[in-house]
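Start at 1 and go down the list; that is how both ligands and their atoms are numbered.
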Amino acid sequence: MTNSGLRVRFAPSPTGYLHVGGARTALFNWLYARKKGGKFLLRIEDTDKQRSSEEHTQVILDGLRWLGLDWDEEPVFQGARLERHQAWAEQVLETGHAYMDDGAARFRMPDETLEWEDDVYGPVSFEGSDIEDWVILRSDRTPTYNFSVVADDIDMKVTHVIRGNDHLSNTPKQIAVYRALGVDPPAFGHVPMIHGTDGRKLSKRHGDTAVGDYRRVGILPGAMANFLSLLGWSPGDDRELYFEIGELVEAFSLAGIQKKAAVFDPTKLEWMNGQHLSRTPPEELLPLVATELAERYGINAAARADDVLRALEVVRIRARTTNNAAKQTAVRLDAQYIERDAKADKLLHKDLSGFRHALEKAADHLDDVDPSSWLPERLDTELRTLAEQLDIGLGKLLQPIRIALTGGTVSEPVNDLLHAVGREESLRRMRAALSWEPRS
Ligand code: GLU
């Protein structure tokens, strides 16, 4: 893509963590810049010294990096630009577009129509006479948001402002400032708010709202970006899954941004994450589960890489988060993490002798498979042969093995499971389960 001269920016206030709404706005800006061969810039709006912090700035930058949203120039810190803002204010005062009032500089709203062609809303207009004159520089000589944002966007040569529609009513004030300064305003696109599944504005009440929360529970960055992209944007067809960020760049357009509020559905995010997980190669997943394996399960993923990779190959199909993939991996690698669930117990209650019979025969039969042949295809053949020999349905043979190996009734196909757990450990677990008693 050629350099188009397009420049967009994400301008977070570092007064809290990277909220999913902010991340979505950043993503739309980034996608648009990448699509058009433009530049994606960052401006940290840290003028509220009471509420802004260096820590929050770092968390926001980390969150953007994690999502893969790289920026093209050094971030601009708004707080460092005070003199520049004051100089712009002086200019507005000198030309009579602002006047002093109680020590503050107040912008004189023109008696004009302030209109623009919004990338999302289409033509929007406000009457300048309906908007009161407003303070651009407080009596302590600090600038207000609507003024500094214009000064910064001009200095950063921003060509497109894509931001939340909570800023829609700020835009006429900003356009008036552009006019007063004799500078062409950038294009504007206002993206819809994000609501919870109850239709109310997304807030803490709905659960996790910080990007970092999702990272911690094991959402993949690619899945998070995929999910965020569909909050207020639609490709125009039914496609929902984009496994490569490049596919999103390709599909993205401002025309696909919708006016109606988007709905943040955590269940959908988990589903989408499961889809991404099942497509992620085990080698890529290993570093993503390593910390959880070490901290929660005492498993050194580097030292047991072969075992971990074998387990990830199959558990990724059913896992919905990387933490869950780590848990399932731990169960396959270490019998102490087997937790017998209620459904498994029910089967033991119903037919304890059938359970033991199947396990005894399976252990004896599979003992004849030598270590080098302990592979999914061969194991499948052996299990079918044995079921026929025993004259029982395949399920009656497989379910006891699944329970003995995992403690539960749901898993990958049993031949894959046996392969993931490994020969010695599988045989040991089957024999150990022969003495299991149903719990009351
Ligand atoms: N700091 C503002 C916000 O977080 C930026 C608004 C803008 O993009 O102009 O809402």
Within less than 4.0 angstrom of ligand 1, does Arg9 place any heavy atom? yes
Heavy atoms only, cut-off 4.0 Å: how does Phe10 contact ligand 1, side chain, backbone, both, or neither? neither
Any side-chain donor-acceptor pair under 3.5 Å between Glu54 and Gln58? yes
Subset of ligand 1 atoms that lie under 4.0 Å from at least one heavy atom of Glu45: 1 (N), 2 (C), 5 (C)
Under the side chain to side chain donor-acceptor pair (under 3.5 Å) rule, collect the residues that match up with Arg310, sequence neighbours excluded. Asp307
List for me each residue that meets salt bridge (charged side-chain N to carboxylate O under 4.0 Å, His left out) alongside Arg316, sequence neighbours excluded, and say none if there are none. Glu313
Among Asp153, Asp152, Thr159, Asn29, which residue satisfies the side chain to side chain donor-acceptor pair (under 3.5 Å) criterion with Arg9? Asp153
So which heavy atom in the protein is nearest atom 10 (O) of ligand 1, and how far is it from that ligand atom? His167 NE2, 2.7 Å
Ser13 side chain to Thr15 main-chain N or O, any donor-acceptor pair under 3.5 Å? no
Quiz item: cation-pi between Arg34 and Tyr32, 6.0 Å / 45°: no
With heavy-atom distances below 4.0 Å as the criterion, list the atoms of ligand 1 near Arg163. 7 (C), 8 (O), 9 (O)
Please list, in number order, the atoms of ligand 1 under 4.0 Å from a heavy atom of Val149. 9 (O)
Closest to atom 5 (C) of ligand 1 among protein heavy atoms sits Ala11 O, 3.2 Å
